[in-house]
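Before any comments, here is the structure.
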Amino acid sequence: MKNVAIFVSGSGTNCENIIRHFSQSDSVKVALVVSNRADAYALVRAKNHGVPTAVVGKQDFADAQQVLPLLSGYGIDFVVLAGFLLMIPDYLIAHFPRRMVNLHPALLPKFGGKGMYGHHVHEAVKAAGEAETGITIHYVSPICDGGEIIAQFSTPLTADDTPESIAEKVHQLEQRHFPAVIEQVIKATF
């Protein structure tokens with residue numbers, strides 16, 4: 001059994017979808033949900049599914065002595081970032097080489113990097129008049145949104161799309177594809 005930790009900062013719809021996806025798995029278990037925000041609704045979603053949670057503030061997150069023992073205590077083999085808004089410290093990337101993936105709500109390398117998250121991405125996509133957008137699942141690296149791309153899925157856009165409708169189209173792609181790609185990566189890694 002491979003134990004997964006999901007790192008979250010917000011409402012946790014993708015987190016909950018991943019938990020559901022692996023709930024009947026005999027090879028992968030979501031063992032822990034970690035948030036940098038005590039008020040993240042993702043923590044409630046995780047608890048509703050019986051998944052342990054932890055809150056690690058920004059300062060503590062930078063400290064390997066705070067985070068690595070926590071993850072070790074749950075036997076974490078693999079980390080998934082699902083709407084996690086802090087930069088991942090180098091010590092954590094080194095501890096989980098090619099065993100940490102992120103979901104980005106655009107087709108990288110477009111609309112990535114510092115400040116490009118959530119509605120900021122969708123507003124930028126709309127402002128640029130893009131004909132399509134999508135999601136990128138990639139390995140985490142020290143460069144913000146710069147890790148090796150694992151998979152991308154796209155959706156067409158029209159001139160009538162708003163940042164809100166773009167967000168909904170992207171969310172549908174996330175819900176449909178993210179858990180399956182995580183599963184494929186874990187199977188290929190271990």
Worksheet, complete the sentence: Contacts satisfying salt bridge (charged side-chain N to carboxylate O under 4.0 Å, His left out) that involve residues 11-23 (not counting sequence neighbours) are E16-R20, E16-R45

Discussion item. Test your reading of the model: is there a side-chain donor-acceptor pair from T162 to the backbone of S165, 3.5 Å cut-off?
Written reply: yes

Fill in: Rounded distance [0.5 Å steps], CG in L103 versus CZ in F178
4.5 Å

Worksheet item: Side-chain contact, heavy-atom cut-off 4.5 Å: V33 with I19?
Response: yes

Discussion item. Testing the basics here: between H21 and P179, what is the closest heavy-atom pair and its distance to 0.1 Å?
Written reply: CG-CB, 3.4 Å

Worksheet entry | Interatomic spacing from CD1 in I88 to CG in L86 - rounded to 0.5 Å | 7.0 Å

Worksheet item: Any side-chain heavy atom of T53 within less than 4.5 Å of one from K47?
Response: yes

Practice prompt. Answer yes or no: is there a side-chain heavy-atom contact under 4.5 Å between F7 and V56?
Written response: no

Worksheet item: Can I150 be reached from I182 by stepping across I, L, V, M, F, W or Y side chains whose heavy atoms are under 4.5 Å apart?
Response: yes

Practice prompt. Give, for atom CE of M100 and atom CG of L92, the distance between the pair rounded to the nearest 0.5 Å.
Written response: 3.5 Å

Worksheet item: What heavy-atom pair brings I76 and A31 nearest, and what distance separates the two atoms?
Response: CD1-CB, 4.0 Å

Discussion item. Can you confirm whether Y117 is buried at OH, in the sense that more than 12 heavy atoms of other residues, nucleotides or ligands lie under 6.0 Å from that atom?
Written reply: no

Worksheet entry | G118 versus H122, closest heavy-atom pair with distance | O-CD2, 3.3 Å

Practice prompt. Evaluate the criterion side-chain contact (heavy atoms from CB on, under 4.5 Å) for residue pair N36 and F61; output intermediate values, then yes/no.
Written response: CA-CA 8 Å; N36 61 306; F61 203 81; 5.7 Å; no

Practice prompt. Please report the C-alpha distance between F84 and V8 in whole Å, then the side-chain angles of each, then the deciding distance to 0.1 Å, and finally whether the side-chain contact (heavy atoms from CB on, under 4.5 Å) criterion is met.
Written response: CA-CA 4 Å; F84 189 66; V8 295; 5.6 Å; no

Worksheet item: Sub-3.5 Å donor-acceptor pair from the side chain of T136 to the main-chain atoms of A106, do we have one?
Response: yes

Discussion item. Just verifying a value: how many Å separate N3 CG and L32 CG, rounded to the nearest 0.5 Å?
Written reply: 9.5 Å

Item to complete: Check I18 against A82 and note the closest heavy-atom contact, atom names and distance.
Response: CD1-CB, 4.4 Å

Response to the item:
NZ of K126 to CD of E164, rounded to nearest 0.5 Å, is 10.5 Å

Discussion item. Quick one: does any side-chain atom of H119 pair with a main-chain N or O of A167 as donor and acceptor, under 3.5 Å?
Written reply: no

Practice prompt. Please check if I6 and Y74 belong to a single hydrophobic cluster, counting links between Ile, Leu, Val, Met, Phe, Trp and Tyr side chain heavy atoms closer than 4.5 Å.
Written response: no

Worksheet item: Is there side-chain contact between T13 and Q175, with at least one heavy-atom pair below 4.5 Å?
Response: yes

Discussion item. Check whether S9 reaches the backbone of L85 with its side chain - one donor and one acceptor, N or O, closer than 3.5 Å.
Written reply: yes

Worksheet item: Does D63 use its side chain to pair, donor to acceptor, with the backbone of D60 at less than 3.5 Å?
Response: no

Item to complete: Spell out, yes or no, whether V30 and L70 are grouped together once hydrophobic residues are joined by side-chain heavy atoms under 4.5 Å, including indirect joins.
Response: no

Item to complete: Look only at the side chain of R99 and the backbone of D77, and say whether a donor-acceptor pair between them is shorter than 3.5 Å.
Response: yes

Worksheet item: Would V101 and F78 count as a side-chain contact (heavy atoms from CB on, under 4.5 Å) if you check the C-alpha gap in whole Å, the side-chain angles of each, and the deciding distance to 0.1 Å?
Response: CA-CA 8 Å; V101 297; F78 196 88; 3.8 Å; yes

Discussion item. Is there a path of hydrophobic side-chain contacts, each under 4.5 Å between heavy atoms of I/L/V/M/F/W/Y residues, joining L68 to V55?
Written reply: no

Discussion item. I'd like to check P142 versus I93 (side-chain heavy atoms, cut-off strictly below 4.5 Å). Are they in contact?
Written reply: yes

Practice prompt. Report the C-alpha distance between D161 and T158 in whole Å, list the side-chain angles of each, state the deciding distance to 0.1 Å, and finish with yes or no for side-chain contact (heavy atoms from CB on, under 4.5 Å).
Written response: CA-CA 5 Å; D161 274 309; T158 69; 3.6 Å; yes

Item to complete: Evaluate the side-chain proximity of F22 to V4: yes if any heavy-atom separation is below 4.5 Å, no if none is.
Response: no

Worksheet entry | Ring geometry between F153 and H177 (parallel below 30°, tilted from 30 to 60°, perpendicular above 60°) | parallel

Worksheet item: Taking all non-hydrogen atoms of both residues, which atom of S141 and which atom of G146 are closest, and how far apart?
Response: OG-C, 3.5 Å

Worksheet item: E168 and H171: side-chain donor and acceptor closer than 3.5 Å?
Response: no

Fill in: Any E183 side-chain heavy atom under 4.5 Å of I186 side chain
no

Worksheet entry | Interatomic distance, I166 atom CD1 to T155 atom OG1 [nearest 0.5 angstrom] | 10.0 Å

Fill in: Path from V181 to V140 over hydrophobic side-chain contacts below 4.5 Å
no

Response to the item:
Shortest non-hydrogen pair, L43 vs A54, comes out as CD2-O, 4.2 Å

